Student: 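One structure follows; several queries about it will come next.
Every heavy atom of this structure was used, including side-chain atoms; hydrogens, water molecules and symmetry mates were not. On a predicted model such as this, the values are computed, not experimentally measured, just so you know.
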Amino acid sequence: MLTAEENELLTRVGPGTRMGNLLRRYWQPVAGVADLTKGGTVAAEEQVVVGRVGAGVVARNGAPLPDISNVEALKRALLDAETVVYNRASSGVYIDSMLKKLGVYEQIAAKLVRYDDGNAVMHHLMQGKGREFGFGGITDILMYRERGLQLVGPLPEEIQNYTRYTAARITVGANPGAAQAFLRYLGSPAGRALFAANGVK
């Protein structure tokens, strides 16, 4: 049985919390739900499509906001920025490929700043200056909306990259009833509204 303090430690995963920092540092999706279902690890009949999360542009409050209304505007903003910040994780790999596809990577390489995780990206921007902005998952960005950062907007749809999420019950869980109830909540109007408010479409 966990103490109240232990429960608090394990369940608080926002920016700056111990578990939140741990999850952001080490989380990597290792298998799709389809693979886990096929292997019997998760129950096929109890799955909820949570939604998808796109990449967005983030800037500190009070900074000059880049125009990202379309692909050409984003290219101009990248060329005009003093610093562009993003991570080295899977979303950062996509940003690398996007910058190359846009034809600006070589031109702005000297002003790219990379960090191991999104948390470090946000902290850089919180303490930043001048014409700088960053890239990150929209859900990550929104967690900092009360800490001095703002979501400038999602990437233009032509170059957007979505990560899709599905919740499923593992077949070896100790409390399948609680897992089923939680999945029902995730799929309910209240659960979907909570996700939508935090950047999950």
Student: Looking at CD1 of Ile108 and CG of Leu79, how far apart are the two atoms once the value is rounded to the nearest 0.5 Å?
Tutor: 7.0 Å

Student: Among the clusters formed by ILVMFWY side chains lying less than 4.5 Å apart, do Leu142 and Leu65 turn up in the same one?
Tutor: no

Student: Okay, side chain of Thr83, backbone of Glu132: is any donor-acceptor separation there less than 3.5 Å?
Tutor: no

Student: Between atom CD of Gln180 and atom CG of Leu183, what is the distance when rounded to the nearest 0.5 Å?
Tutor: 8.0 Å

Student: So do Val84 and Val113 actually touch side chain to side chain, heavy atoms under 4.5 Å?
Tutor: no

Student: If you look at every heavy atom in Pro154 and Gln160, which pair is closest and at what distance?
Tutor: CB-NE2, 3.7 Å

Student: Count the heavy atoms of every other residue, nucleotide or ligand shown that sit under 6.0 Å from NZ of Lys111, and state whether that count exceeds 12.
Tutor: yes

Student: Please round to the nearest 0.5 Å and tell me the distance separating atom CE of Met98 and atom CG of Asn161.
Tutor: 10.0 Å

Student: Looking only at heavy atoms, what is the nearest atom pair of Pro176 and Gly173, with distance?
Tutor: CD-O, 3.9 Å

Student: Does Glu82 reach the main-chain N or O of Arg131 with its side chain, forming a donor-acceptor pair under 3.5 Å?
Tutor: yes

Student: Just do the side-chain contact (heavy atoms from CB on, under 4.5 Å) check on Glu46 and Ile170 with the steps written out, would you?
Tutor: CA-CA 9 Å; Glu46 296 170 20; Ile170 60 172; over 6 Å; no

Student: Under the side chain to side chain donor-acceptor pair (under 3.5 Å) rule, collect the residues that match up with Asn198, sequence neighbours excluded.
Tutor: Arg145

Student: Does anything in residues 97-109 pair up under side-chain hydrogen bond (donor to acceptor under 3.5 Å, both in side chains), and if so which pairs, sequence neighbours excluded?
Tutor: none

Student: Can you list the steps and then say if Tyr185 with Leu194 is a side-chain contact (heavy atoms from CB on, under 4.5 Å)?
Tutor: CA-CA 11 Å; Tyr185 172 74; Leu194 185 60; 4.0 Å; yes

Student: Keeping Thr171 on the side-chain end and Gly40 on the backbone end, is there a donor-acceptor pair under 3.5 Å?
Tutor: yes

Student: So how far is it from Asn61 CG to Glu146 CD, rounded to the nearest 0.5 Å?
Tutor: 11.0 Å

Student: How far does CG of Asn87 sit from CG of Asn119, to the nearest 0.5 angstrom?
Tutor: 11.0 Å

Student: Are Ile138 and Val49 joined in one hydrophobic group, where the rule is that I, L, V, M, F, W and Y side chains link up if heavy atoms are under 4.5 Å apart?
Tutor: no

Student: Are any non-hydrogen side-chain atoms of Val121 and Asp140 less than 4.5 angstrom apart?
Tutor: no

Student: Main chain of Leu125, side chain of Arg60: is a donor-acceptor contact present, judged purely on distance under 3.5 Å?
Tutor: no

Student: So does Ala167 get a backbone contact from the side chain of Gln47, meaning a donor-acceptor N/O pair under 3.5 Å?
Tutor: no

Student: Does the pair Lys75/Asp80 count as a salt bridge with the N-to-O cut at 4.0 Å?
Tutor: no

Student: Check whether any side-chain heavy atom of Val57 lies under 4.5 Å from a side-chain heavy atom of Leu155, and answer yes or no.
Tutor: yes

Student: Treat each ILVMFWY residue as a node, draw an edge where side-chain heavy atoms are under 4.5 Å apart, and state whether Tyr115 and Leu112 are in one component.
Tutor: no

Student: Could you check whether atom CZ of Phe182 has more than 12 heavy atoms from other residues, nucleotides or ligands sitting under 6.0 Å from it?
Tutor: no

Student: Does Tyr86 reach the side chain of Leu99, with side-chain heavy atoms less than 4.5 Å apart?
Tutor: yes

Student: Without swapping roles, check the side chain of Lys201 against the backbone of Ala196 for a donor-acceptor pair under 3.5 Å.
Tutor: no

Student: Identify the heavy atoms of Val53 and Val200 that sit nearest to each other, and give their distance.
Tutor: CG2-CG2, 3.8 Å

Student: Applying salt bridge (charged side-chain N to carboxylate O under 4.0 Å, His left out), name anything that partners Arg88, two or more places apart in sequence or on another chain.
Tutor: Asp116

Student: What I'd like to find out is whether the side chain of Met126 reaches to under 4.5 Å of the side chain of Tyr144, using heavy atoms alone.
Tutor: yes

Student: Can you find a pair of side-chain heavy atoms, one from Ile159 and one from Pro156, that are under 4.5 Å apart?
Tutor: yes

Student: What pair of heavy atoms forms the shortest contact from Leu149 to Met122, and how long is it?
Tutor: CD1-O, 3.6 Å

Student: Using the rule that two of Ile, Leu, Val, Met, Phe, Trp, Tyr join whenever any of their side-chain heavy atoms come within less than 4.5 Å, decide whether Leu74 and Leu151 are in one cluster.
Tutor: no

Student: Fit a plane to each ring of Phe133 and Phe135, take the angle between them on a 0 to 90° scale, and name the class: parallel (under 30°), tilted (30 to 60°) or perpendicular (over 60°).
Tutor: perpendicular

Student: Using every non-hydrogen atom in the two residues, find where Ala77 and Pro66 come nearest and quote the distance to one decimal.
Tutor: CB-CB, 3.6 Å

Student: Assigning hydrophobic clusters by single linkage (Ile, Leu, Val, Met, Phe, Trp, Tyr; side-chain heavy-atom cutoff under 4.5 Å), is Tyr162 placed with Ile141?
Tutor: no

